[in-house]
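To keep things clear, I will list the structure first and then write my remarks on it.
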Number of protein chains: 2
Amino acid sequence: MNSPVSGNGWEVHIADCLLWLERFPGVVDAVITDPPYSSGGAMRGDRTNQNVNTKYRTSGAPALPDFTGDNRDQRSFAHWCALWLASARIRTRTGGHLLMFTDWRQLPSATDAVQAGGWVWRGLGVWQKPKGASRPTKGGLWNDTEFLVWATNGPHKPAPEAPCLDGVFVSASPRNKVHLTEKPLEILDALVQIVPEGATVFDPFAGSGTTGIAAYRRHRSFIGVELDTAMAATAAHRLRNAERGAPVNTETAAMTLWQA
Amino acid sequence: MNSPVSGNGWEVHIADCLLWLERFPGVVDAVITDPPYSSGGAMRGDRTNQNVNTKYRTSGAPALPDFTGDNRDQRSFAHWCALWLASARIRTRTGGHLLMFTDWRQLPSATDAVQAGGWVWRGLGVWQKPKGASRPTKGGLWNDTEFLVWATNGPHKPAPEAPCLDGVFVSASPRNKVHLTEKPLEILDALVQIVPEGATVFDPFAGSGTTGIAAYRRHRSFIGVELDTAMAATAAHRLRNAERGAPVNTETAAMTLWQA
DNA sequence: CCGGGCGGTGAATCGGCCC
DNA sequence: CGGGCCGATTCACCGCCCG
């Protein structure tokens with residue numbers, strides 16, 4: 001285990017989360033994460049030669065770094081999720097929470113994996129994107145949602161003062177993204193409140209660290225694991241920006257992407 | 001096959017949809033339906049002695065008739081759905097649509113069944129209920145959504161003028177319900193527009209006929225099948241109200257529930 | 001006719017108790 | 001000890017009623 005980059009109540013580790021979890025001795029209160037979806041071309045065997053930039057980029061937007069782990073077929077996606085979900089659950093306190101993003105195509109696999117990993121599935125949240133930030137489907141349903149699987153490690157015993165989180169989050173994709181699938185900070189800001197202040201939030205696919213920033217600002221501790229060295233550097237940079245009270249997506253944060 | 005109750009562009013049959021479909025010679029353009037969810041207590045085997053009124057009713061609201069078929073366990077729910085979905089697909093034109101309501105708990109089983117029935121799953125819609133019309137979950141996600149599985153029979157080739165339906169429908173549960181799980185007319189009004197005017201909409205679980213009313217008002221033909229005699233009478237009554245341009249949920253419509 | 005106040009409601013869930 | 005039945009719980013919004 002490499003030594004992490006850390007700050008006041010947060011740490012970011014560069015590691016594969018499965019290997020990292022095997023050696024992690026602590027206990028966390030919630031797992032809040034956005035794993036690689038591996039969507040598109042599932043069950044069609046046509047994903048071997050695509051990386052994320054050719055897959056997702058359509059316009060003249062600046063290219064973002066390819067991220068790894070987004071090329072599994074559907075069955076192995078579910079199996080792999082079950083593995084890290086089981087490992088993460090072992091390190092989550094009884095009654096602790098899981099909040100995991102997924103898209104519609106992987107949703108059934110995701111809920112299967114969550115349950116296979118020993119979590120108790122308790123509901124679904126919806127991230128509704130404004131129409132401008134999504135794609136119309138002529139003659140069908142507008143594809144403007146992603147989903148959030150909510151589960152607990154065993155019984156759900158909310159504290160009397162525990163808030164009730166919305167089931168539908170309306171928010172546009174962030175501007176000035178430093179990660180291709182970066183989630184809106186305001187959604188993570190709501191999600192981290194599923195645990196009380198002082199609790200520890202764990203993100204095994206920390207990416208650019210948005211979960212950590214939300215946790216930091218809401219006075220929750222954060223442990224992030226990210227496989228990609230450059231992306232982990234970006235997460236650390238953005239968390240340090242948050243510590244300074246600065247905007248997180250600075251020019252220099254973006255530059256860390258290409259230096260490692 | 002009993003002779004149906006029918007009107008100008010609509011018919012309601014009293015039958016089990018699986019048996020009825022076996023003998024139906026026609027072709028429809030869309031299947032839009034809300035099957036019994038069989039939710040609650042899934043995988044816990046505790047559903048034997050519950051009817052829907054004890055299951056879902058909490059307050060002093062007037063009792064509505066129990067509906068049948070809401071007591072399958074999860075595996076047989078998926079299997080049974082696959083059966084009627086396959087039968088219905090055979091009677092749907094190539095490129096025709098399926099829109100099927102489900103709740104979060106049955107969503108993975110529902111999408112499995114849709115695909116097992118030979119449909120091509122193409123997306124998810126969300127029905128977001130106002131907070132007042134749903135249940136808070138302390139320390140977790142508010143349970144204020146139901147879902148809509150969208151699929152097509154084979155390739156999706158929308159007409160150039162085909163509209164794009166919303167992915168998220170915001171609507172309160174109807175007042176003066178005559179069916180325990182009656183869906184808002186405004187949502188069905190949007191959904192029937194997935195097929196052009198003059199096309200035929202089929203609902204194998206017609207219930208109180210809301211899908212038919214929406215289809216009638218939007219100049220689509222409607223074929224409904226409903227197992228429960230009293231509920232089918234209610235559907236016919238409400239459709240006749242719609243033909244007269246009258247409000248559909250009249251006192252007499254409610255009375256048909258208890259007469260058969 | 002408009003605005004504010006108030007009571008009703010909800011495609012459950014959970015703990016506890018009884019048999 | 002296990003399974004099933006009973007009843008308390010939850011809170012923002014909807015819509016009616018009244019001023």
Side-chain angles (χ1 to χ4, degrees), chain A residues 94-95 97 120-124 150-152 154-170 190 193-194, chain B residues 33-74 77 81 100-110 125-149 169-188 205 207-208 210-211 228 231 247 249:
Chain A
T94 301
H97 295 268
V120 181
W121 181 28
R122 297 200 179 267
L124 288 176
W150 171 44
T152 61
H156 175 48
K157 290 177 183 163
E161 72 280 6
C164 187
L165 274 57
D166 265 338
V168 180
F169 304 90
V170 181
Q193 296 179 60
I194 203 163
Chain B
T33 195
D34 179 32
Y37 293 178
S38 296
S39 279
M43 304 174 292
R44 290 191 305 176
D46 62 357
R47 45 179 59 256
T48 42
N49 290 325
Q50 280 196 317
N51 61 33
V52 292
N53 270 311
T54 59
K55 231 165 89 181
Y56 303 132
R57 237 165 40 93
T58 54
S59 61
L64 288 168
D66 288 336
F67 55 93
T68 51
D70 196 50
N71 54 357
R72 293 176 175 82
D73 70 36
Q74 199 151 41
F77 171 79
C81 282
M100 171 179 152
F101 282 92
T102 183
D103 72 349
W104 65 270
R105 201 179 282 276
Q106 295 293 10
L107 183 49
S109 295
V126 177
W127 169 23
Q128 180 186 7
K129 304 176 221 183
K131 295 236 166 46
S134 56
R135 255 165 231 280
T137 308
K138 208 167 181 45
L141 263 58
W142 204 291
N143 186 8
D144 57 356
T145 47
E146 292 185 34
F147 299 90
L148 203 50
V149 180
F169 303 89
V170 181
S171 176
S173 246
R175 295 263 149 185
N176 304 322
K177 286 194 293 190
V178 292
H179 191 285
L180 191 57
T181 66
E182 192 174 320
K183 296 292 174 284
L185 187 53
E186 59 200 272
I187 292 186
L188 272 307
F205 306 96
S208 55
T210 308
T211 305
D228 185 88
M231 200 54 77
N249 281 9

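These numbers were taken from a predicted model, which means no experiment stands behind them. Order of the sequence lines fixes the chain letters, A, B, ..., with proteins taken first and strands second; residue numbering starts at 1 for each chain.
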Spacing of A/W121 atom CH2 relative to C/dT13 atom P, expressed in whole Å: 12 Å
Among C/dC14, C/dA12, C/dA11, which nucleotide has an atom closest to any side-chain atom of B/R135? C/dA12
State, yes or no, whether a side-chain contact exists between B/L141 and A/L124 at a heavy-atom distance under 4.5 Å. no
Send over the distance from B/W127 CH2 to C/dG10 C1', rounded to a whole Å. 11 Å
For a quick test of reading the model: is some side-chain N or O of B/K129 closer than 4.0 Å to OP1 or OP2 of C/dA11? yes
With heavy atoms under 4.0 Å as the rule, sort B/F147 into base, sugar-phosphate or nothing. nothing
Do B/T137 and A/R122 touch side chain to side chain, with heavy atoms closer than 4.5 Å? no
In dot-bracket form, how is DNA chain C paired, counting a Watson-Crick or G-U wobble pair only if both its distances are under 3.5 Å and using | for bases paired to another strand? .|||||||||.||||||||
Of B/K183, B/E186, B/H179, B/E182, the residue whose pairing with B/P174 passes side-chain contact (heavy atoms from CB on, under 4.5 Å): B/E182
Quick one: closest heavy-atom pair of B/F67 and B/V52, and the distance? N-CG2, 3.5 Å
Would you mind telling me which of C/dA11, C/dC14, D/dA12 lies closest to the side-chain atoms of A/H156? C/dC14
Polar side-chain atom of B/W104 near backbone of B/Q106 as donor-acceptor pair, under 3.5 Å: no
Kindly indicate, with the supporting measurements, whether the criterion side-chain contact (heavy atoms from CB on, under 4.5 Å) is fulfilled by B/F77 and B/Y37. CA-CA 8 Å; B/F77 171 79; B/Y37 293 178; 5.5 Å; no
Tell me what A/P160 touches on the nucleic acid: a base, only sugar-phosphate, or nothing, going by heavy atoms under 4.0 Å. nothing
Euclidean distance, atom OH of residue B/Y37 to atom P of C/dA12 [Å, nearest integer]: 10 Å
Rounded distance in Å between the P positions of C/dA11 and D/dG7: 22 Å
Starting at atom CG of B/N176, determine the distance to atom C1' of C/dT9, rounded to an integer number of angstrom. 13 Å
Is it true that a side-chain atom of B/N249 and a backbone atom of B/N176 form a donor plus acceptor pair closer than 3.5 Å? yes
Between C1' of D/dA8 and NZ of B/K138, the distance in whole Å: 14 Å
Winner on side-chain proximity to B/P136, out of C/dA11, C/dT13, C/dG10, is C/dG10
Please determine, for the side chain of B/R105, which listed nucleotide (C/dA11, C/dC14, C/dT13) has the closest atom? C/dT13
Any base atoms under 4.0 Å from B/S173, or only sugar-phosphate, or nothing? Heavy atoms, all strands. sugar-phosphate
If only atom types and distance count, is the side chain of B/K138 paired as donor or acceptor with the main-chain N or O of A/P160 below 3.5 Å? yes
For A/D166, which contact category applies under a 4.0 Å heavy-atom criterion: base, sugar-phosphate, or nothing? nothing
Under the criteria of a ring-centre distance below 5.5 Å and an interplanar angle below 30°, is B/Y56 stacked with the base of C/dA11? no
Minimum heavy-atom distance A/L165-A/A190, with the two atoms named: CD2-O, 3.6 Å
Do B/D34 side-chain and C/dA11 base share a donor-acceptor contact under 3.5 Å? yes
Per atom distances to the B/W142 side chain, the nearest of C/dG15, C/dA11, D/dA12 is D/dA12
Are any protein N/O atoms closer than 3.5 Å to N/O atoms in nucleotides 5-8 of chain C? If there are, list each pair with its distance.
none

If I take atom CG in residue B/L141 and atom C1' in nucleotide D/dC11, what distance separates them, rounded to the nearest angstrom? 15 Å
Whole-Å distance, B/L180 CG to C/dT9 P, equals 13 Å
From C/dG15, C/dA11, C/dC14, nucleotide with atom closest to A/R122 side chain: C/dC14
Nearest-nucleotide check on DNA chain C, B/E146 vs A/P155; residue mapping nearer the 5' end is B/E146
Where the side chain of B/P130 is concerned, which of D/dT10, C/dA11, D/dC14 is the nearest nucleotide? D/dC14
Okay, side chain of B/K55, backbone of B/D70: is any donor-acceptor separation there less than 3.5 Å? yes
Just how far, in rounded Å, is C1' of D/dC14 from CG of B/D144? 15 Å
Could you work out which one of D/dC13, C/dA12, D/dC11 sits closest to the side chain of B/K131? D/dC13
Classify the ring geometry of A/H97 against A/W150: parallel below 30°, tilted from 30° to 60°, perpendicular beyond 60°. parallel
